[in-house]
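For reference, the structure discussed in these notes is given below.
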Amino acid sequence: MVDLWTISEASFEPRRLRHNETVFTVGNGYLGTRGAFEEAYPGDQRTTFVHGVFDNLPIFFSELVNFPDWLELEIILAGEHFDLAEGKLLSFERHLDLRNGLLTRTLRWRSPAGRTTRMEFRRFASLADVHAACLQATLTPEDYSGKIEFRSGLDGGTDNLSFKHWDWLGQGTEDQTCWLHLRTHSSQIEAAMAVRLQVESGAAVATENWDVHAHPTLACSTDAEPGQTVRLEKIVSIFTGRDTQDPLSAARKKLASLTGRNWDALWREHAKAWKEEWRRCDVVIEGDDEAQLAIRFNIYHLLIAGPRYDEHVNIGAKTLSGYGYRGHAFWDTEIFMLPFFTFTRPEIARNLLSYRYHNLPGAREKAAENGFKGAQYPWESAGDGREVTPTWVPNPNDRTRMIRIWTGDIEIHISADIAFAAWQYWTASHDEEFLVERGAEIILETARFWASRAEWNQKRGDYEFKDVIGPDEYHDHVDNNAYTNLMARWHLRLARSIVDWLKEHHPAKAARLFEKIDLKEDNLERWQQIADHIYRPVNPKTGLIEQFEGYFKRKDVSLESLEPRNESAQSLFGIDGANEVQIIKQPDVAMLMYLLPGELEPAYAKVNYDYYTERTDLTFGSSLGPSIQAIMATRLGTPGQAYENFIRAARADLEDVRGNAGDGIHGASAGGLWQAVVFGFGGLQISDEGWTLTPKLPAHWKRLAFKFVWRGEEVKVDLKGEDGAGH
Ligand code: IFM
């Protein structure tokens with residue numbers, strides 16, 4: 001029987017090292033550790049990130065910092081170093097159990113001198129206690145007796161792709177423990193880790209403490225006979241200056257409190273915590289094993305990225321699993337990942353939205369710097385919510401030239417995306433305290449930004465947003481991107497209705513908030529006036545929305561004419577060339593129709609879906625595209641198109657379809673996949689009035705079951721294959 005809970009690797013493939021490190025990441029919403037092996041290999045990325053620990057660097061402004069390596073384990077077997085590049089690998093397998101985040105590697109290795117050892121490595125990052133992680137190595141010599149040696153500790157010499165962020169503050173070793181205390185160079189965030197090693201063996205164990213600078217190490221040795229098992233357990237604790245004023249004491253105390261509680265005890269609590277996560281979040285698909293495993297894999301990665309106890313952090317586009325985008329958060333969180341949390345783990349959704357609330361000062365600063373009012377959220381956001389989109393990056397094809405990145409300047413739709421997410425969370429949760437204390441301020445301050453960014457066109461008699469980038473980033477510096485205009489229109493109207501609601505339900509708090517943000521009646525009138533006159537580029541004859549002004553005049557090159565290809569339309573045409581043609585990077589008008597179906601006459605939906613589908617670079621454009629396309633195809637297209645795009649999203653990281661999964665999990669694709677199942681095939685739609693379900697399951701699916709939380713109540717959905725009339 002196929003195991004629909006386990007991701008497996010059947011052989012050691014050095015060429016897929018980075019991809020598999022991403023796939024086999026373990027984490028707990030506080031930290032994420034890539035699936036590097038315990039013993040080091042050239043080109044591996046031995047990386048642990050902790051939410052919120054950013055430090056400055058050139059070009060990218062700020063990046064998540066790679067923590068000291070807690071996985072490191074040097075093994076010496078009767079005088080020979082264990083190394084898969086030497087000797088002979090007799091068997092190998094690696095499994096990630098999605099049920100509980102346990103990563104296991106089992107192998108048999110024959111050393112160059114011909115000694116055979118059976119080995120099993122296991123690790124997990126505790127979900128029950130996010131400051132703890134555990135590693136275990138079990139070795140059995142098969143045909144020799146001799147000394148088994150382990151060297152392991154905390155390697156503080158780690159860097160971020162060669163860039164060093166840590167300053168050393170102190171370290172120590174004592175009995176079977178060691179600790180390391182560091183501080184990030186510019187952001188001055190302290191971090192401390194402490195480790196305990198324990199070796200169980202039939203013979204005596206000798207331990208030496210090596211106080212190597214920035215690399216405190218414990219060296220343990222014992223003797224073993226053939227068939228006799230030796231087991232090492234490594235328990236790690238980790239704290240940062242973001243958690244407590246004295247992370248070193250906290251890490252050492254935590255480790256001491258774990259003394260006497262071995263792997264088994266920690267494991268039981270951890271596994272129990274995971275069981276509860278899956279009780280709330282699992283999606284069951286029968287009749288399609290690939291889809292079943294993929295949805296669980298993607299949910300696993302969302303769950304290990306979601307901050308449970310911290311409302312000052314967001315999830316980077318590549319989660320905590322790789323260096324891509326340096327840990328920066330984009331609209332990927334609010335529009336793609338957040339719905340999963342809103343509907344299954346609202347506590348985590350609240351934390352993520354609170355991050356945006358706490359970072360309103362950065363957004364206000366950005367608006368002011370650009371000459372606007374209110375709050376303009378940054379396109380890329382890191383520790384403090386200021387804009388961290390790089391302005392210039394080296395051209396990957398010609399290192400002597402730089403490319404100007406405009407998204408941080410003019411991809412402004414993110415402010416409406418965040419308001420949308422706050423509205424969606426409020427609608428699904430009715431978390432009144434959040435709306436009154438935080439959500440309303442986000443929505444109103446960003447509405448004020450739109451009102452000051454809108455320009456009046458005297459000739460046409462409408463308001464416009466000029467010089468923007470829509471979700472389709474192949475086209476920049478465009479005027480009146482339909483997505484941006486209509487999201488802004490919806491946002492301004494939402495803001496008005498929130499004001500009315502606040503006045504009615506919480507008049508005193510409303511008055512305080514309006515005073516705090518200096519909101520006057522004439523602001524509201526102006527918002528209404530702008531919303532009622534925003535340029536809406538729909539052709540009444542064809543029903544087509546022009547993605548931006550002048551889009552239809554661009555060259556209409558068919559995507560088919562580019563085949564065969566293994567790169568995006570933008571890399572084929574070049575940045576300027578792609579600007580000249582109608583091919584788009586990801587759904588833009590379709591994205592609008594998905595989020596705001598009410599903004600377009602229903603009669604026009606299909607014609608727009610068909611027009612833009614033919615022109616969307618779904619294979620090599622953005623990884624954000626396929627899941628949204630799958631949802632819109634379920635609603636407006638054909639079942640074939642829906643499933644084709646769903647499976648594209650399902651394979652994004654498992655099969656590395658874009659060749660960049662080594663940079664980290666595509667978090668938006670993971671969240672989009674959940675939406676494609678629940679909002680697409682499951683047909684869940686929500687409004688202020690409530691939720692509806694119009695399922696359209698793929699024809700070969702026998703069952704689809706999931707749960708969601710609606711205003712505090714858990715709703716169970718269990719659909720049979722015939723639901724949706726064999727769609
Ligand atoms: O936010 C996305 C954008 O929509 C497309 N380029 C990549 C970004 C990060 O995933």
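Keep in mind it's a predicted model, so treat the numbers as computed, not measured. Each ligand, and each atom within it, is numbered from 1 in the order the structure gives.
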Q: Hey, can you tell me if Tyr643 and Phe646 have their rings parallel, tilted or perpendicular (30° and 60° cut-offs)?
A: tilted
Q.
Using a 3.5 Å cut-off on N or O atoms only, is Glu473 in polar contact with ligand 1?
A. yes
Q. Applying a 4.0 Å heavy-atom criterion (strictly less than), which segment of His666 is in contact with ligand 1: side chain, backbone, both, or neither?
A. neither
**Q.** Residues Gln641 and Tyr609: side-chain donor-acceptor under 3.5 angstrom
**A.** yes
Q) Counting from 1, what ligand 1 atoms have a heavy atom of Lys585 closer than 4.0 Å? A) 5 (C), 6 (N)
Q: Only heavy atoms count here, so choose which of Phe330, Trp331, Phe336 is nearest to atom 8 (C) of ligand 1.
A: Phe330
Q) Identify the closest protein heavy atom to atom 7 (C) of ligand 1: which residue and atom is it, and at what distance? A) Tyr325 OH, 3.2 Å
Q. Contact between Lys318 and ligand 1, counting heavy atoms under 4.0 Å?
A. no
Q.
Pairing donors with acceptors under 3.5 angstrom, does anything connect the side chains of Arg34 and Ser321?
A. no
Q: Could you find the nearest protein heavy atom to atom 1 (O) of ligand 1 and give me its residue, atom name and distance?
A: Asp332 OD1, 2.6 Å
Q. Is there a heavy atom of Trp379 sitting under 4.0 angstrom from any atom of ligand 1?
A. yes
Q: State whether Phe620 and Arg565 meet the cation-pi test: NZ (Lys) or CZ (Arg) under 6.0 Å from the six-membered ring centroid, and within 45° of the perpendicular axis.
A: no
Q) Would you call the rings of His413 and Trp331 parallel, tilted or perpendicular if under 30° counts as parallel and over 60° as perpendicular? A) perpendicular
Q: Using the six-membered ring of Phe60, assess whether NZ or CZ of Arg326 lies under 6.0 Å from its centre and within 45 degrees of the ring axis.
A: yes
Q: Taking only heavy atoms of Gln586 into account, list the atoms of ligand 1 that are under 4.0 Å away from them.
A: 4 (O), 5 (C)
